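Here is the structure we will look at, set down as structure tokens.
In this text the structure is predicted, and so the values were computed from the model without any measurement.
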Amino acid sequence: MTARPDDSLVPLRAGGDLPPVYCVHPVSGSPYCYTDLAARLDPGTPVFGFEAPGFDGVDEPAESIRELAEVHTATLRAARPHGPYQLLGWSLGGVVAFEMARLLAAEGEEVPLLVVIDAALPGTQPFPPGPALVRYFLHDFLGLVSGGAPELDRALAKLGPEAGPQERLEAIADSGTVPEEFDAEFLLERFILFRAHARSMVDHVIDGVHDGPTTLVRAERSEPHLLLWEPYASRLDQHTVPGDHHSIWREPGLVAIADIVNQALRRGVSV
């Protein structure tokens, strides 16, 4: 697997002489959700994020979690040939980071930090039907907390069940319920990437254990049965932070996540 172009690994906080933290994009394909976290990590720790294949609207999306892990691992090793490697991922990004850690460990590299943030295990949720998938995409794209967009849901409810994703996204773009810079073409481009990633999560099977230190961060409002990582991480340190899957990236959840990651970083340095 060849590495992707250098611009797929983007600096979220440049500078610093400590080993970097590498953040894997969630289902959206964008790593910029980690910008506020990067600013709260200990000084001296550079932070980078991976963009997904297809996020540029040109490349084809990856077809599987395995492919995402292989592509990002190749890109990582092209930028930093040897570890230690410190990985972090939220949601789908947590699953990809987990598989990257296994790949790196199998290559004899050290992974002293793996942080999995509110990542449901693959296969624990069915692939949503068309209308539900579009709604899920829009809520995720806009970073909405639970119940945070009744006007958006009302606009979607006006469309019949036969309406396809393009028709639904065109209606939403024209409804005034999303910022006007997000036109239908842009929303459809992002939806196609989102759909590919959602499908890859349903299809993926974890077939081994990561033996390195793993920090699991759960949102207190997430369903516990979706996050039973114990069988797959032999050295698991678990934490719960306030909020739901999206609101954990705002205070007080964000502050709690930063504290947990900083503590894990310091433990790695002291080993």
Side-chain angles (χ1 to χ4, degrees), residues 8 23-34 49-72 89-100 116-146 148-149 152-153 156 159 161 163-170 172-173 178 182 184-207 218-219 221-223 225-229 232 244-249:
S8 70
C23 302
V24 185
H25 60 81
V27 67
S28 67
S30 170
Y32 295 101
C33 57
Y34 302 114
F50 293 97
E51 286 185 356
F55 184 74
D56 58 5
V58 177
D59 295 335
E60 290 295 318
E63 296 182 353
S64 67
I65 295 293
R66 192 80 59 198
E67 182 181 350
L68 283 169
E70 290 174 351
V71 167
H72 292 327
W90 166 53
S91 196
L92 172 139
V95 179
V96 177
F98 173 86
E99 296 294 4
M100 290 176 66
V116 175
I117 301 176
D118 210 49
L121 287 163
T124 53
Q125 298 169 293
F127 190 71
L133 186 64
V134 173
R135 179 183 181 277
Y136 179 28
F137 157 72
L138 288 167
H139 278 244
D140 183 85
F141 179 76
L142 298 170
L144 297 173
V145 300
S146 299
L152 177 65
D153 290 336
L156 288 169
L159 299 166
Q166 183 168 348
E167 183 179 350
R168 289 178 180 278
L169 294 173
E170 286 174 350
I172 290 302
V178 298
F182 300 144
E185 182 180 358
F186 179 81
L187 290 174
L188 183 61
E189 179 184 288
R190 288 287 180 262
F191 173 76
I192 290 170
L193 182 63
F194 177 94
R195 181 173 58 192
H197 287 165
R199 171 57 70 185
S200 72
M201 276 289 285
V202 171
D203 294 342
H204 185 63
V205 175
I206 297 177
D207 60 3
R218 307 168 187 258
R221 293 171 62 185
S222 291
E223 295 290 340
H225 71 277
L226 302 178
L227 294 109
L228 299 176
W229 279 89
Y232 308 104
D244 65 18
H245 188 63
H246 289 97
S247 68
I248 57 173
W249 294 109

Handout entry: Minimal non-hydrogen separation, Asp59 against Pro53, with atom names
Key =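 Minimum heavy-atom contact is CB-C, 4.5 Å.
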
Problem - Validation row, ring centre His25 to ring centre His72 under 6.0 Å - result: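 Yes - the distance between ring centres of His25 and His72 falls below the 6.0 Å cut-off.
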
Handout entry: Output field: ring centroids Phe141/Phe191 closer than 6.0 Å
Key =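 Ring centres of Phe191 and Phe141 not closer than 6.0 Å.
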
Problem - Glu67 side-chain N/O to Glu63 backbone N/O, donor-acceptor pair under 3.5 Å - result: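 Checked: pair present.
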
Practice task
Give a yes or no answer on whether the side chain of Asp118 reaches the backbone of Ala219 with a donor-acceptor pair at less than 3.5 Å.
Solution key: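 A pair under 3.5 Å: yes.
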
Exercise for the section: Decide side chain to side chain contact (heavy atoms under 4.5 Å, CB included) for Arg66 and Asp207; before the verdict, give the C-alpha distance in whole Å, the side-chain angles of both, and the deciding distance to 0.1 Å. Expected result: CA-CA 11 Å; Arg66 192 80 59 198; Asp207 60 3; 3.7 Å; yes

Residue pair [X] / [Y], side-chain heavy-atom distance below 4.5 Å:
X: Asp140; Y: His246; value: yes
X: Ile117; Y: Ile248; value: yes
X: Leu226; Y: Gln125; value: yes
X: Ile172; Y: Val134; value: no
X: Leu169; Y: Phe137; value: yes
X: Asp153; Y: His139; value: yes
X: Cys33; Y: Ser28; value: no

Exercise for the section: Mind telling me whether Tyr232 and Trp229 have parallel, tilted or perpendicular rings, with 30° and 60° as the class edges? Expected result: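 Ring orientation, 0 to 90° scale: perpendicular.
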
Practice task
Scan for side chain to side chain donor-acceptor pair (under 3.5 Å) pairs involving residues 187-200, sequence neighbours excluded, and state none if there are none.
Solution key: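 Non-adjacent pairs meeting side chain to side chain donor-acceptor pair (under 3.5 Å): zero.
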
Problem - Under the side chain to side chain contact (heavy atoms under 4.5 Å, CB included) test, residues paired with Pro31 that sit two or more places apart - result: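 Side chain to side chain contact (heavy atoms under 4.5 Å, CB included) list for Pro31, sorted by chain: Val10, Tyr34, Glu51.
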
Practice task
Begin from the C-alpha positions of Ile65 and Met201 and carry the test side chain to side chain contact (heavy atoms under 4.5 Å, CB included) through to its verdict.
Solution key: CA-CA 7 Å; Ile65 295 293; Met201 276 289 285; 4.0 Å; yes

Exercise for the section: Any chance you could lay out the side chain to side chain contact (heavy atoms under 4.5 Å, CB included) test for Glu99 and Ile206, step after step, and finish with the verdict? Expected result: CA-CA 8 Å; Glu99 296 294 4; Ile206 297 177; 3.9 Å; yes

Exercise for the section: For His245 and Ser91, test the side chains for any donor-to-acceptor distance below 3.5 angstrom and give the result as yes or no. Expected result: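 Judged by distance alone, the side chains do pair up.
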
